[in-house]
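Data first, discussion second: the structure below is written as structure tokens.
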Amino acid sequence: VLLIENQESDKAAAALAVNAGHFNDPKGREGLAHFVEHMLFLGTKNFPDGSEYQKFISQHGGHNNAWTGTEHTCYFFDIQHQYFEEALDRFSDFFINPLLSKSFVQSERLNIDAEFKMKLKDDLRRLYDVHKETINQAHPFSQFSVGNVDTLADHTECDVHSDVVDFFDTYYCSTLMTLAVEGPFSLEVLEQLVEHRFTHIKNK
């Protein structure tokens, strides 16, 4: 955990990186890491409304997002500092008690597919795909990373929901995570805010 005291800011922010990305996608499940990233936003045990987190952040002058890379997945937000503690309650619960609800699988699979199709005519994405096609095909960089309705489809031998749960259980643990928090608070206060919430993440 990296704590940053910044008394010149009226905002506070946090970012958590998980040392797992699309290089960790199982064969035949391309896009799974990206899909897990999406699923974490759809409610937790303590905040079951899947839209509540994003509403809370935006209502208090903040922004939030996440991205899935080759070897890391990163989640982050900023917010007016007086609401930071409540935002951390919601944010930390992603990594402790995500619902990963089966009822959201189909709609989120379609969202992933729409994201994939939207980028098909993007020149930078096309160059990226050419790179993937022309490198050593035994290297995980060559794998399809975004996912679509085909790679995230349910099969008779396994459904994607089970694979989401397995991926989360395997990689979302404290030993594979790095957290940074910043705000106009003393380091002692930041440490208390973090310890109270993030020590509940499983250590595997």
Side-chain angles (χ1 to χ4, degrees), residues 1-2 4 13-42 44 53-54 57 62-78 87-88 90-96 98 100 104-105 108-152 160-161 163-182 194 198 201-204:
V1 178
L2 176 64
I4 305 162
L16 188 146
V18 184
N19 189 192
H22 77 76
F23 280 6
N24 302 91
D25 288 344
K27 194 157 182 66
R29 263 299 178 235
E30 291 80 9
L32 184 62
H34 185 207
F35 193 52
V36 171
E37 173 218 308
H38 277 235
M39 291 293 290
L40 256 64
F41 283 86
L42 301 176
T44 66
Y53 166 75
Q54 308 217 41
I57 298 290
H63 303 87
N64 74 93
N65 212 332
W67 54 263
T68 302
T70 55
E71 297 174 284
H72 297 90
T73 305
C74 187
Y75 302 79
F76 55 93
F77 75 90
D78 63 51
L88 275 184
R90 291 157 172 78
F91 185 68
S92 60
D93 217 35
F94 279 18
F95 312 104
I96 302 164
L100 302 176
F104 287 120
V105 165
E108 212 49 44
R109 181 164 36 209
L110 294 175
N111 286 339
I112 292 273
D113 193 65
E115 189 176 329
F116 159 66
K117 287 176 177 170
M118 183 180 70
K119 295 277 189 176
L120 285 175
K121 295 184 179 179
D122 181 281
D123 284 344
L124 285 176
R125 172 62 68 173
R126 287 179 169 189
L127 286 169
Y128 187 61
D129 288 339
V130 168
H131 190 186
K132 283 177 170 289
E133 288 291 330
T134 54
I135 67 155
N136 176 3
Q137 292 302 291
H139 194 281
F141 184 78
S142 65
Q143 294 175 174
F144 176 45
S145 57
V146 179
N148 60 22
V149 288
D150 297 321
T151 66
L152 299 172
V160 74
H161 178 256
D163 291 337
V164 164
V165 172
D166 287 346
F167 192 96
F168 180 86
D169 287 343
T170 301
Y171 296 109
Y172 279 67
C173 57
S174 62
T175 44
L176 294 178
M177 290 178 174
T178 303
L179 172 68
V181 295
E182 175 187 3
V194 166
F198 292 89
I201 296 174
K202 290 179 182 176
N203 179 344
K204 301 176 186 177

Residues which pass side chain to side chain contact (heavy atoms under 4.5 Å, CB included) with Thr68, listed by chain and number, not counting sequence neighbours | Ala33, His34, Glu37, Thr73
Backbone N/O of Ser174 and side chain of Asn203: donor-acceptor pair under 3.5 Å = no
From Asn111 atom CG to Phe41 atom CZ, the distance as rounded to the nearest 0.5 Å | 12.5 Å
Looking only at atom types and distance, does a side-chain atom of Arg109 sit under 3.5 Å from a main-chain N or O of Asn148, one as donor and one as acceptor?
-> no
Sequence neighbours excluded, which residues qualify as salt bridge (Lys or Arg N to Asp or Glu O under 4.0 Å) partners of Asp163?
-> Arg29
Given ring pair (Phe, Tyr, Trp, His ring centres under 6.0 Å), test His72 with Phe23 step by step and report yes or no.
-> CA-CA 9 Å; His72 297 90; Phe23 280 6; 10.0 Å; no
Would you call Leu16 and Phe198 a side-chain contact if the rule is heavy atoms closer than 4.5 Å?
-> yes
In Å and rounded to the nearest 0.5 Å, what is the CZ to CZ distance from Phe35 to Phe167?
-> 12.5 Å
Could you state the interatomic distance from OH (Tyr172) to CG (Leu40), rounded to the nearest 0.5 Å?
-> 5.5 Å
Between Glu115 and Val146, is there a donor-acceptor pair closer than 3.5 Å when you use the side chain of the first and the backbone of the second?
-> no
Sorted by chain and number, sequence neighbours left out, side chain to side chain contact (heavy atoms under 4.5 Å, CB included) with Thr170 holds for none
Validation row, ring centre Phe141 to ring centre Tyr128 under 6.0 Å = yes
Approximate separation, where rounding is to 0.5 Å, of Met39 CE and Leu32 CG = 10.5 Å
What residues, two or more places apart in sequence or in another chain, satisfy salt bridge (Lys or Arg N to Asp or Glu O under 4.0 Å) together with Lys117?
-> Asp113
Any chance you could lay out the ring pair (Phe, Tyr, Trp, His ring centres under 6.0 Å) test for Phe91 and Phe76, step after step, and finish with the verdict?
-> CA-CA 9 Å; Phe91 185 68; Phe76 55 93; 9.0 Å; no
If you measure from CG on Leu88 to CG on Asp93, what distance do you get to the nearest 0.5 Å?
-> 11.5 Å
With His161, which residues qualify under side chain to side chain contact (heavy atoms under 4.5 Å, CB included), at least two apart?
-> Lys102, Val105, Asp159, Val165
Taken in chain and number order and not counting sequence neighbours, the residues that satisfy side chain to side chain contact (heavy atoms under 4.5 Å, CB included) with Asp129 are Arg125, Lys132
With ring pair (Phe, Tyr, Trp, His ring centres under 6.0 Å) as the test, would you mind laying out the steps for Phe104 and His38 before giving the verdict?
-> CA-CA 10 Å; Phe104 287 120; His38 277 235; over 10 Å; no
Calculate, to the nearest 0.5 Å, the distance between atoms CG and OH belonging to Asn24 and Tyr171 respectively.
-> 4.0 Å
